[in-house]
Participant: 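Sharing a structure here in structure tokens format.
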Amino acid sequence: RLEPVTVGGVTVTNATLHNEDEIARKDVRPGDTVVVQRAGDVIPQVVRVVIGKRPSDSKSFVFPEICPECQSPALRPEGEVVRRCSGGLLCPAQAVERLRHFVSRNAFDIEGLGAKQVAAFWRDGLVREPAELFTLANRNARLEPPLAEREGWGELSAANLFAAIEAKREIGLERFIFALGIRRIGQANARLLARTYENAEAFFAMLDEAVREPEGEALAGLENIDGIGPEIAAVLTGFMNEPHNQKIIAELRGVLTIIAAEAPTGSSPLAGRTVVFT
């Protein structure tokens, strides 16, 4: 966060420091005066500190070692640049973010359910797991108070939300995989997995077998997919090996229709690829 400064005709108030290592390498501290440039004439970036203007009481920034939400250790795995809360599903902040990701535009894209509403639903105990979204309308009459009588809601907005949720009971496999919020499974990898295994039955049967038989054909086939490899395969099997994740997937499959992906057809070198012109 910077005091506003004009760089190349643009007013800059935020600039990237990339990660913990870069902050240490450049020795950037709160209160410092810094030189800023627009990398590639676009992205504001901190170049260096003006040491002569550093406050006399300056102290190096220390990254937190404890999560402020759940008090779990915040760990930085060897070889990685990001420090993460180790609380997992026990951390309320992570639980809320997983729900926000689940309903986001590139996942289930549920209209009328933004970050503020998701946080309120989780806080009030209305929706703690993704599958509970699809039972909310049926539970509404038993809620005290019902959704329409809660702050920020009314009869029309509640009815619109229930309709928007109902409209997402059919979801493509690609979006479903992405919505699960598995680390390192973004849109591209979700699309790749969906097109490779085509339907939910085949995809989850493969993962089940890969978890049961670490030396089996299912895992070998997953690792051999161009763009996946052993590291991402390990992330996928680790996710499926967690009983709580298995429960979430089973509950979702019980209330949703997951539409099979269309397999690429034709022998063209472009078959199954996405081409973008910029």
Side-chain angles (χ1 to χ4, degrees), residues 1 14 16-24 30 59-110 113-136 139 175-187 189-190 193 204 207-208 210-212 214 228 230-256:
R1 299 290 184 264
N14 303 305
T16 179
L17 280 168
H18 295 295
N19 55 50
E20 188 172 349
D21 289 341
E22 279 295 282
I23 293 173
K59 294 182 180 179
S60 297
F61 180 78
V62 179
F63 274 72
E65 297 184 354
I66 299 296
C67 171
E69 289 286 338
C70 69
Q71 310 308 308
S72 297
L75 305 176
R76 179 182 172 183
E78 185 176 351
E80 297 189 13
V81 297
V82 176
R83 188 178 296 271
R84 292 184 174 87
C85 166
S86 61
L89 297 168
L90 299 177
C91 179
Q94 289 195 52
V96 171
E97 287 301 315
R98 284 174 183 267
L99 282 173
R100 286 178 59 182
H101 175 80
F102 185 83
V103 303
S104 65
R105 176 168 297 183
N106 294 319
F108 272 71
D109 191 20
I110 298 178
L113 199 53
K116 181 179 179 181
Q117 290 80 10
V118 168
F121 281 7
W122 195 92
R123 182 191 65 234
D124 296 342
L126 302 184
V127 177
R128 290 290 176 92
E129 304 287 1
E132 292 179 346
L133 279 170
F134 298 94
T135 63
L136 183 60
R139 291 185 283 119
R175 281 179 173 264
F176 182 81
I177 294 173
F178 176 74
L180 293 175
I182 306 170
R183 188 178 165 214
R184 300 188 67 177
I185 304 299
Q187 286 179 271
N189 280 337
L193 291 166
F204 288 110
L207 283 181
D208 288 340
V211 169
R212 290 196 314 270
I228 299 298
E231 290 187 9
I232 296 178
V235 170
L236 281 163
T237 54
F239 181 87
M240 280 301 296
N241 200 30
E242 167 58 52
H244 186 267
N245 294 333
Q246 295 174 15
K247 176 176 176 287
I248 287 175
I249 292 170
E251 289 174 346
L252 285 170
R253 294 180 68 185
V255 296
L256 300 173

Participant: With no hydrogens and no angle check, is any side-chain donor or acceptor of Glu80 less than 3.5 Å from a backbone partner on Val82?
Facilitator: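 Checked: no pair found.
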
Participant: Between Glu251 and Lys247 (salt bridge meaning N to carboxylate O under 4.0 Å), is one present in this structure?
Facilitator: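 Yes, charged N to carboxylate O under 4.0 Å.
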
Participant: Measure from the side-chain N and O atoms of Glu129 to the backbone N and O of Ile248, and report whether any donor-acceptor pair falls under 3.5 Å.
Facilitator: no

Participant: Which atom pair, heavy atoms only, marks the closest approach of Val211 to Thr237?
Facilitator: CG2-O, 3.6 Å

Participant: Would a 4.5 Å heavy-atom cut-off, applied to side chains only, mark Ile228 and Leu193 as touching?
Facilitator: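 Sidechains of Leu193 and Ile228: in contact.
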
Participant: Does Phe61 form a side chain to side chain contact (heavy atoms under 4.5 Å, CB included) with Leu17? I'd like the steps, not just the answer.
Facilitator: CA-CA 12 Å; Phe61 180 78; Leu17 280 168; over 6 Å; no

Participant: Distance from Phe239 atom CZ to Arg184 atom CZ, nearest 0.5 Å?
Facilitator: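 That separation rounds to 15.5 Å.
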
Participant: Any chance you could measure Leu136, atom CG, to Leu126, atom CG, to the nearest 0.5 Å?
Facilitator: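 Between atom CG of Leu136 and atom CG of Leu126 there are 6.5 Å.
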
Participant: What's the shortest heavy-atom distance between Leu99 and Pro130, and which atoms?
Facilitator: CD2-N, 3.9 Å

Participant: Please test Leu113 against Phe108 for side chain to side chain contact (heavy atoms under 4.5 Å, CB included), starting from the C-alpha separation and ending with a verdict.
Facilitator: CA-CA 10 Å; Leu113 199 53; Phe108 272 71; over 6 Å; no

Participant: How many angstroms lie between atom CZ of Arg183 and atom CD1 of Ile232, to the nearest 0.5 angstrom?
Facilitator: 10.5 Å

Participant: Is the shortest side-chain heavy-atom distance between Asn245 and Leu180 below 4.5 Å?
Facilitator: no

Participant: How many angstroms lie between CD1 in Ile110 and CZ in Arg105, if you round to the nearest 0.5 Å?
Facilitator: 14.0 Å

Participant: Between His18 and Ile23, is the side chain to side chain contact (heavy atoms under 4.5 Å, CB included) condition met? List the steps.
Facilitator: CA-CA 8 Å; His18 295 295; Ile23 293 173; over 6 Å; no

Participant: Are a donor atom and an acceptor atom from the side chains of Arg175 and Asn106 found within less than 3.5 Å of each other?
Facilitator: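 Checked: Arg175/Asn106 side chains show no N/O donor-acceptor pair below 3.5 Å.
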
Participant: What is the distance from atom CG of Leu133 to atom CZ of Phe121, rounded to the nearest 0.5 Å?
Facilitator: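 The CG atom of Leu133 sits 8.0 Å away from the CZ atom of Phe121.
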
Participant: Within the side chain of Glu132, is there an N or O that forms a donor-acceptor pair under 3.5 Å with the backbone of Arg128?
Facilitator: yes

Participant: Is Glu231 atom CD crowded by more than 12 heavy atoms from other residues, nucleotides or ligands, each under 6.0 Å away?
Facilitator: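 Atom CD in Glu231 is not crowded, with 12 or fewer foreign heavy atoms closer than 6.0 Å.
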
Participant: If I take atom CZ from residue Phe204 and atom CZ from residue Phe176, how far apart are they, to the nearest 0.5 angstrom?
Facilitator: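 Atom-to-atom, Phe204:CZ and Phe176:CZ are 4.5 Å apart.
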
Participant: Please report the closest heavy-atom contact between Asn14 and Arg1, naming both atoms and the distance.
Facilitator: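 Looking at all heavy atoms of both residues, the shortest contact is OD1-CD, 3.0 Å.
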
Participant: Please tabulate, for the side chains in residues 67-74, all donor-acceptor contacts under 3.5 angstrom to protein atoms that are two or more places apart in sequence or on a different chain.
Facilitator:
from, atom 1, to, atom 2, distance (Å)
Gln71, NE2, Pro68, O, 3.3

Participant: Please check: side-chain N/O of His101 versus main-chain N/O of Phe178, any donor-acceptor pairing under 3.5 Å?
Facilitator: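 Here the side-chain-to-backbone pair exists.
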
